[in-house]
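Step one of this worksheet: look at the structure below.
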Amino acid sequence: MASDVHEFTELLQAHARGDGAALDRLFPKVYDELRQMARGRMRHERADHTLGATELVHEAFFRLVRLDRIDWKGRAHFLAMASQAMRNVLLDHAEHRGAQKRGGGERAV
């Protein structure tokens, strides 16, 4: 288990240094945990939500990997940031849905 945590941290740091292949090895190691986290977040959303747990995981993951200048401390740090990213995805989705409901940016006449 400790070696898994160490390997995870090394993959995060390799990605931060620009190693794109590190993501290919990182995502499967954390995917199940991210899905579980997303399902927990989606339990608090409305039943007819247009995002599912899978979409939430993927959007949050891609937001995380686009971040630069993060000194990843390890798995717990990554999961905490993933939780925050999922929250932000849901908030952005709600804002977009509300904007579309109210004209979607069209000029008021």
Side-chain angles (χ1 to χ4, degrees):
M1 181 74 167
S3 67
D4 288 343
V5 171
H6 182 69
E7 180 185 7
F8 189 86
T9 303
E10 285 179 358
L11 289 172
L12 281 171
Q13 292 171 345
H15 168 66
R17 289 188 304 269
D19 179 2
L23 286 181
D24 295 336
R25 297 186 310 271
L26 179 69
F27 193 61
K29 294 182 179 299
V30 74
Y31 186 76
D32 290 337
E33 269 182 280
L34 292 175
R35 286 265 308 159
Q36 184 177 2
M37 190 184 304
R39 282 193 301 269
R41 286 214 173 258
M42 294 306 293
R43 273 189 222 112
H44 302 289
E45 297 296 322
R46 64 186 191 285
D48 65 337
H49 203 286
T50 56
L51 281 179
T54 301
E55 293 89 1
L56 183 56
V57 166
H58 288 241
E59 181 62 31
F61 187 81
F62 288 120
R63 286 185 183 200
L64 283 175
V65 299
R66 284 184 283 178
L67 295 175
D68 56 353
R69 295 189 222 150
I70 289 195
D71 181 22
W72 294 107
K73 304 298 183 204
R75 186 180 194 92
H77 183 213
F78 179 83
L79 292 174
M81 293 292 289
S83 179
Q84 186 66 39
M86 286 182 194
R87 179 179 180 275
N88 290 340
V89 167
L90 291 171
L91 287 172
D92 291 348
H93 184 75
E95 281 180 13
H96 179 73
R97 181 179 159 100
Q100 294 302 317
K101 187 176 176 180
R102 289 168 184 78
E106 296 292 322
R107 286 188 64 205
V109 196

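Residue indices begin at 1 and follow the sequence shown.
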Checklist entry - Does the pair His58 and Thr54 meet the rule for a side-chain contact (heavy atoms from CB on, under 4.5 Å), with working shown? => result CA-CA 6 Å; His58 288 241; Thr54 301; 3.7 Å; yes
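- The heavy-atom pair separating Leu79 from Met37 by the smallest distance is O-CE, 3.7 Å.
- In plain terms, the two heavy atoms of Met86 and Ala60 that are nearest each other are CG-CB, 3.6 Å.
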For residues 13-28, which side-chain N or O atoms pair as donor and acceptor with protein atoms under 3.5 Å away, sequence neighbours left out?
| from | atom 1 | to | atom 2 | distance (Å) |
| --- | --- | --- | --- | --- |
| His15 | NE2 | Val65 | O | 3.0 |
| Asp19 | OD1 | Ala21 | N | 3.1 |

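- For residues 52-62, the set of pairs meeting the salt bridge (Lys or Arg N to Asp or Glu O under 4.0 Å) definition, not counting sequence neighbours, comprises Glu59-Arg63, Glu59-Arg66.
- Contacts of Glu10 classified as side chain to side chain donor-acceptor pair (under 3.5 Å), with partners at least two apart in sequence or in another chain: His6.
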What side-chain donor-acceptor pairs closer than 3.5 Å can you find for residues 71-78, not counting sequence neighbours?
| from | atom 1 | to | atom 2 | distance (Å) |
| --- | --- | --- | --- | --- |
| Asp71 | OD2 | Lys73 | NZ | 2.8 |
| Arg75 | NE | Glu33 | OE1 | 3.0 |
| Arg75 | NH2 | Lys29 | O | 3.1 |
| Arg75 | NH2 | Glu33 | OE1 | 2.3 |
| His77 | ND1 | Lys73 | N | 3.1 |

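- Partner of Leu34 under the side chain to side chain contact (heavy atoms under 4.5 Å, CB included) criterion, chosen from Leu56, Leu64, Val57: Val57.
- Every pair tested for salt bridge (Lys or Arg N to Asp or Glu O under 4.0 Å) that includes a residue from residues 34-43 fails, sequence neighbours excluded, so the list is empty.
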